[in-house]
*Asks:* 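Can you keep this structure in mind? I'll have questions shortly.
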Amino acid sequence: ELKVEQNPLFLSMQEGKNYTIYCNYSTTSDRLYWYRQDPGKSLESLFVLLSNGAVKQEGRLMASLDTKARLSTLHITAAVHDLSATYFCAVDMNSNYQLIWGAGTKLIIKP
Amino acid sequence: KAGVTQTPRYLIKTRGQQVTLSCSPISGHRSVSWYQQTPGQGLQFLFEYFSETQRNKGNFPGRFSGRQFSNSRSEMNVSTLELGDSALYLCASSEQGLGEQYFGPGTRLTVT
């Protein structure tokens, strides 16, 4: 059974600091997605990582994928309050048209 | 392109009633997936439809059902509502069911 584990599940940090969210998955997959969800809102796609070694960056967020380690990271640089949200990773199960989701990391950035 | 739309956005129902939620995917997308999101269980997959066929189903009771029409619009139905069905129901569309999914705003269902 494919499992996707995110850690930490909760992160409170100060503005200006750097931090990393980790997403581990339990079986072979080379496609991973990061989404953001604001409170009471829907999910917004952030990054699509489609191969080993893929790295994507958007503003203060950078995501990477290591398929051999079955690990993706979402790195936050010099955090700002607007990045406060819950971040989900999801892994593509090619064979059954279903994304397997992590539990989400709730990120609170204090001014 | 217009995004994924869901109606209604908010719904209050009583235990035992049934409810139908609607989802219109992005134009050209033929796959629609449904999810239930609750604080306790997180994001849980309900089912996926492609070209009017259900290709995959999550671990939910038979009270949860869905369908997809020839224009790719999808509906999900929950019968005999229970308090535990209170949740945010999200619909997502994609071109083929593989890859990046685009989410609608969700329907907030409250069962009293």
*Asks:* Just checking heavy atoms, which of residues 42-81 of chain A are less than 4.5 Å from chain B?
*Replies:* A/S42, A/L43, A/S45, A/V48

*Asks:* Could you check whether any side-chain heavy atom of B/L43 comes within less than 4.5 Å of a side-chain heavy atom of B/L90, counting everything from C-beta outward?
*Replies:* yes

*Asks:* Mind checking who shares a hydrophobic cluster with B/V111, ILVMFWY linked at side-chain heavy-atom distances under 4.5 Å?
*Replies:* B/L11, B/V19, B/L21, B/V32, B/W34, B/L46, B/F47, B/Y49, B/F60, B/F64, B/M76, B/V78, B/L81, B/L83, B/Y89, B/L109

*Asks:* Answer with side chain, backbone, both or neither: which region of B/Q41 has an atom nearer than 4.5 Å to a non-hydrogen atom of chain A?
*Replies:* neither

*Asks:* Do A/Q6 and A/Y22 have side chains that approach each other closer than 4.5 Å (heavy atoms only, starting at C-beta)?
*Replies:* no

*Asks:* Would you mind telling me which of B/S31, B/S74, B/S33 makes a side-chain hydrogen bond (donor to acceptor under 3.5 Å, both in side chains) with B/E48?
*Replies:* B/S31

*Asks:* Against B/D85, only a single residue in B/R108, B/R15, B/R63 fulfils salt bridge (charged side-chain N to carboxylate O under 4.0 Å, His left out); can you say which?
*Replies:* B/R63

*Asks:* What about A/Y25 and A/W101, are their ring centers closer than 6.0 Å?
*Replies:* no

